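As the structure is a computational prediction, the values presented were derived from the model and not from experiment.
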Amino acid sequence: MKYPKNPKFNKRLMRTPDYTAWQEGCAHDPSLLEWEGVYYAYSTDTFGAPCGYQIRKSTDLIHWEYLGSAFALEGTAPFYKRGQGGVGHGNLQEAFDWCVTDQRDHGFGVCTHTDGTFALWAPHCVRGTDGKFWLYFCLTGHFGGSKSCIGIAKSDSPEGGFECVSLLVQSPEGWRTPNAIDPQVFFAEGRMFMVYGSFGLGLYLIELDPETGLRKDGRSYSDFARKQCSFGEYYGAHIASGSLEGGVIRYHEGVNVLTDGKWEKKNYYYLMCSYGSLSTVYNMRCGRSERPEGPYVDVNGNELVCSTDIGTGNKMLGSFRYEDAPFDFFCPGHNDMFVTEGGVRLISYHCRTNYFIDKGLSRSNNFHYLYLSQYAFNSDGWPVMNANRYAGEEIQPIGMEELLHISGGKFEVLLFTQNFKSIDAKRILLQSDGLITGEYRGRWYLYGDNYISLEIGGEEYLGVIMPAWIEHLDSAGIAISAMGRATGMAAHLVSTNKL
């Protein structure tokens, strides 16, 4: 079995005045694009950097450097204030006019100001069928409000500059409609779709034209306002409810599923999104469907819904800390599901840490870092993600002899529950006789190339064994990522032996 070499991750940094040196820091809501051997990460506007979306690039998916802004918006505020934010200035005037908010009406969190400045949120960029790069953007009036819009901008280069082509969906103030932010698009079975929405009424799905990237139905907000189309016709199919956001859908063909002792191939649409307050309880959830329009359900057949801080949907990852690790993973979320041209399946997401607070260096944990983790499918066909940062590892077969030889059977384990509080790892031993001892007790066994079953506390977790770089041990090792068959809660294990 091949194990990753030391990836030499960049040091985590607090926000500094030199935004070009942030590397993976301050990357909110990251989404990925691959083009000509280079990977690009697009992320939400961050205080201290020019507006217009940050673009980072990488050749190894491990080390990232600042490239520039997707929209050339520096110095454009006077033009937008005068209603002249046209071609050459991003062509975002229509979006600005829809979202502009007077600070006297909303004293806190205004995002689109009357002085012509604004902050764009949660981008997604794809290579279009016309040879251009299509950037799906969103703008909102103020934090916690629903006066928002989503549009498409295009460029000849993934590095910008992008110019808005059209708005796709708009939502007014008042939460009577979906909140038109957080767009993510995908192609599947010859069709194209966009999932969007944040809190309020939840997540929605509309179909796009794969030839243009625009709405397939050609409808506009004025059509809806004049009652020329219904709520459902304009806003699309409702696919998830409640206090959730950052939806992403990825279609996977030929997923191996073990049913009654026989393997079969199945095709699924997988929906991931983030639940709860983004600064205290954020966690990533998942459901799946055989149709793009849903219904998307978890291991118990429940459709995805978040009520306050908990809900249905398989919990993929939440806040946690490995034993003796200086850095905790806090409020991971707002992810992309990305597959490289070489077939590596990755989840990109932002993650906070309380390290700087613990060390007395800051009173804030509001430094979002760009993390990537590899994902696979367990034998029930559910995605499970490595709880360690991607280091170039390859998923491959592994037998019991090597598993126990490398790990000594010694693991730290994270067992997630509906409780939103950060969890600490516990120590267990996977014995050669199939018993689990230590701080949890149960049984385990291997099957197939790299599948594992762990029975702990009356729950059966089905998972996948992967090589990993275990950062807090500064060593390569083994990771096990699994999903509870009854609870839909993830279990993550890392070996404690150093290679």
J.: Using the six-membered ring of W35, assess whether NZ or CZ of R127 lies under 6.0 Å from its centre and within 45 degrees of the ring axis.
T.: yes
J.: Could I get the full list of side-chain contact (heavy atoms from CB on, under 4.5 Å) partners for T117, not counting sequence neighbours?
T.: A77, H113, D115
J.: Taking S319 for its side chain and C331 for its backbone only, find out whether a donor-acceptor pair lies under 3.5 Å.
T.: yes
J.: With sequence neighbours left out, write down each residue that passes side-chain hydrogen bond (donor to acceptor under 3.5 Å, both in side chains) with S422, or none if nothing qualifies.
T.: none
J.: Mind checking side-chain hydrogen bond (donor to acceptor under 3.5 Å, both in side chains) for S146 and listing every partner two or more places apart, or none if nothing turns up?
T.: none
J.: Okay, side chain of N378, backbone of A482: is any donor-acceptor separation there less than 3.5 Å?
T.: no
J.: Excluding sequence neighbours, so at least two apart, what forms salt bridge (charged side-chain N to carboxylate O under 4.0 Å, His left out) with E394?
T.: K2
J.: Tell me whether S348 contacts the main-chain N or O of L32 through its side chain, where contact means a donor paired with an acceptor under 3.5 Å.
T.: no
J.: Quick test of your reading: applying ring pair (Phe, Tyr, Trp, His ring centres under 6.0 Å), list the pairs with at least one residue in residues 461-491, sequence neighbours left out, ordered by first then second residue.
T.: Y322-H472
J.: Quick one: does any side-chain atom of N386 pair with a main-chain N or O of Q374 as donor and acceptor, under 3.5 Å?
T.: no
J.: State which residues pass side-chain contact (heavy atoms from CB on, under 4.5 Å) with N300; sequence neighbours excluded, sorted by chain then number.
T.: D298, N302
J.: Sequence neighbours left out, what pairs pass salt bridge (Lys or Arg N to Asp or Glu O under 4.0 Å) with at least one residue falling in residues 7-23?
T.: R12-E471
J.: For the pair R389 (side chain) and I470 (backbone), establish whether a donor and an acceptor sit closer than 3.5 Å, ignoring hydrogens and angles.
T.: no
J.: Does atom CZ of F143 have more than 12 heavy-atom neighbours from other groups under 6.0 Å away?
T.: no
J.: Step by step, work out the side chain to side chain contact (heavy atoms under 4.5 Å, CB included) result for L430 and F411.
T.: CA-CA 8 Å; L430 304 185; F411 286 86; 3.6 Å; yes
J.: For the pair H124 (side chain) and V185 (backbone), establish whether a donor and an acceptor sit closer than 3.5 Å, ignoring hydrogens and angles.
T.: yes
J.: Under the side-chain contact (heavy atoms from CB on, under 4.5 Å) test, which residues partner D324, sequence neighbours left out?
T.: none
J.: Under the rule for side-chain contact (heavy atoms from CB on, under 4.5 Å), what residues qualify as partners of T59, not counting sequence neighbours?
T.: none
J.: Mind checking salt bridge (charged side-chain N to carboxylate O under 4.0 Å, His left out) for D449 and listing every partner two or more places apart, or none if nothing turns up?
T.: none
J.: Measure from NZ or CZ of R288 to the centre of the six-membered ring of Y268, then state whether that distance is under 6.0 Å and the direction lies within 45° of the axis.
T.: yes
J.: Applying salt bridge (Lys or Arg N to Asp or Glu O under 4.0 Å), which residue pairs with at least one partner in residues 327-338 are found, sequence neighbours left out?
T.: none
J.: Donor-acceptor check, side chain of S379 to backbone of V257, threshold 3.5 angstrom: yes or no?
T.: no
J.: Under 4.0 Å between a Lys/Arg side-chain N and an Asp/Glu carboxylate O for D358 and R321?
T.: yes
J.: Quick one: salt bridge (charged side-chain N to carboxylate O under 4.0 Å, His left out) partners of E65, sequence neighbours excluded?
T.: none
J.: Do R427 and E439 sit within salt-bridge range, that is, some charged N less than 4.0 Å from a carboxylate O?
T.: no
J.: Whether the side chain of T140 engages the backbone of S148 through a donor-acceptor N/O pair (distance < 3.5 Å, no angle test) should be reported.
T.: no
